[in-house]
Amino acid sequence: MNEMLVTLALILGKLLFIFGVVLFMAAYLVLAERKILGRMQLRYGPNRVGPFGLMQPLADVIKLLTKEDFVPARADKWLFLIAPGITAVTALLVFAVIPFGPTQEIFGQQVPLVVVDLNIGVLYFLGVSSMAVYGVVLGGWASNSKYSLLGGVRGLSQMVSYELSLGLSLVPVIMMARSFSLTDIVMAQQSLPFMLLNPVAFGVFFICVLAESNRIPFDLPEAENELVGGFHTEYSGMRFGLFFVGEYINMVVLGSLVTVFFLGGWHGPWLPPMLWFLLKVLAVCAMFIWIRASMPRLRYDQLMNLGWKVLLPLTLVNILVTGAVLLGLG
Amino acid sequence: MHVIRGIRGTFQPFWVTLRNMFRKPVTIQYPEEKQQLPERYRARLILTRDPDGAERCVACHLCSAACPVDCISMQAAEAEDGRRYAAWFRINFTRCIFCGLCTEACPTLAIQVTADFELAGRDLLKLVYEKEDLLVDHCGNDNSYNFYRQSGIGVAAPRGTNPGETPPADVKDLMP
Ligand code: SF4
Ligand code: SF4
């Protein structure tokens with residue numbers, strides 16, 4: 001009985017911890033992005049609220065919460081209302097399988113630092129993260145606005161063109177780790193991260209992850225310059241906020257996945273494992289921001305070309321080569 | 001060649017943004033730092049006085065006619081000596097677009113622009129300036145111009161009695 005209680009408490013504790021850390025990181029990523037982007041464009045970025053603008057996320061939340069929650073005329077009300085939730089929730093759900101540290105001993109129990117160590121973790125991630133596009137598509141469809149619809153349609157066809165390469169670029173990783181479990185994948189990178197062992201898979205995965213997060217250079221569903229706000233044109237207040245937060249949670253989640261699959265997870269010399277994990281995730285997020293500051297948005301056909309004609313063949317060849325090398329090494 | 005240019009075009013931006021990140025931003029932090037405004041900056045309007053200290057404005061309505069947003073209104077009045085002046089003069093700064101057309105229209109140089117642009121406020125009615133708020137105690141940009149010296153005052157005063165005028169010559173008199 002007592003043991004069960006402790007287990008329950010530990011699971012709840014882990015959930016709260018992850019929830020808190022991810023939301024906190026998402027909130028401050030917004031600030032970090034705005035500041036770094038600002039500096040890269042010779043501006044200061046937000047620096048008015050609190051010292052160095054550190055209270056800006058709080059101010060943003062208050063602003064979003066107090067704004068009117070507007071539903072456009074003849075919109076599909078229920079879809080319109082739940083679409084932002086889908087984006088944020090699916091992004092959070094993926095975090096369930098991400099291991100962020102080695103197994104710890106707490107209260108005499110072996111506690112793996114992951115919510116659930118699914119033995120099909122990779123498939124779970126691929127399945128759940130594809131659901132995120134429903135938020136974009138349904139939101140775009142339900143808004144009863146041409147810009148939103150175009151944004152939603154773009155989101156859908158963008159997903160079709162990169163999701164395949166995203167899944168296939170993970171096949172070499174699975175082959176090298178001989179497991180679908182994310183914890184095992186991290187364990188397999190004890191000596192060398194997969195980024196060095198298989199840079200092609202890393203490159204393709206990174207590009208697909210950029211597309212998955214709907215960020216520049218793949219922010220076609222949003223495309224402020226052409227589509228006003230894309231799929232979230234009609235959203236206001238906290239519903240827009242959910243889309244927005246979902247995007248940044250997604251950044252954290254995808255950063256963690258890049259870390260788990262290719263950067264060696266929590267492995268690293270000297271520093272404690274969880275700090276290594278955090279540092280790697282932050283590095284990937286910083287890379288996202290840097291890319292956003294530097295790259296233009298791809299055109300629609302360019303994205304399709306890249307997805308189908310470059311990335312897909314590349315991943316297929318990569319799988320074959322990796323398989324051959326693994327066979328050769330025995 | 002295409003490929004090389006493509007690769008360079010992909011990676012060069014990263015260098016540019018990285019370099020800019022370590023430069024000093026060009027932003028002026030407004031309430032703490034103030035920008036050095038150009039000398040002829042157009043902002044808040046004033047009504048100036050002539051070198052003798054009298055009001056320059058003759059309530060000719062030219063400025064309100066020139067104003068593209070119709071934010072100047074006034075009431076003309078005439079003094080004992082025939083000198084015209086504005087009984088009241090009002091500029092609605094919530095509507096003024098600071099184009100300066102009124103100053104160009106003004107024949108007496110009464111209405112002039114200043115560089116004071118800090119006119120924001122929460123109460124819109126406080127931005128409707130009356131003549132007392134507009135009138136200043138100096139000549140503005142031009143320290144010598146006096147419209148009435150150039151033109152004389154109207155016929156209300158007997159001829160030759162206005163300041164600086166000599167009495168009219170008696171044409172029937174033969175004396176020089
Ligand atoms: S500056 Fe332009 S808008 Fe303002 S009062 Fe003069 S004419 Fe009107
Ligand atoms: S300010 Fe100038 S233009 Fe306007 S009424 Fe007075 S004299 Fe005329």
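All values reported here derive from a predicted model rather than from experimental measurement.
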Show me the donor-acceptor pairs under 3.5 Å between chain A and chain B.
residue: A:R39; atom: NH2; partner: B:R23; partner atom: O; Å: 3.1
residue: A:L42; atom: O; partner: B:V26; partner atom: N; Å: 3.1
residue: A:Y44; atom: OH; partner: B:K24; partner atom: NZ; Å: 3.3
residue: A:N47; atom: ND2; partner: B:Q29; partner atom: OE1; Å: 3.0
residue: A:R48; atom: NH1; partner: B:E32; partner atom: OE2; Å: 3.2
residue: A:R48; atom: NH2; partner: B:Q29; partner atom: OE1; Å: 2.6
residue: A:R48; atom: NH2; partner: B:E32; partner atom: OE1; Å: 3.4
residue: A:W290; atom: NE1; partner: B:F14; partner atom: O; Å: 3.3
residue: A:W290; atom: NE1; partner: B:T17; partner atom: OG1; Å: 3.0
residue: A:S294; atom: OG; partner: B:T17; partner atom: OG1; Å: 2.8

When rounded to the nearest 0.5 angstrom, what distance separates CE in A:M287 from CZ in B:F14? 5.0 Å
Any residue meeting side-chain contact (heavy atoms from CB on, under 4.5 Å) with A:L210, in chain and number order, not counting sequence neighbours: A:F206, A:P217, A:F218, A:F288, A:I291
Distance from B:M21 atom CE to A:L42 atom CG, nearest 0.5 Å? 12.0 Å
Crowding at CZ, B:F98 (>12 non-hydrogen neighbours, <6.0 Å): yes
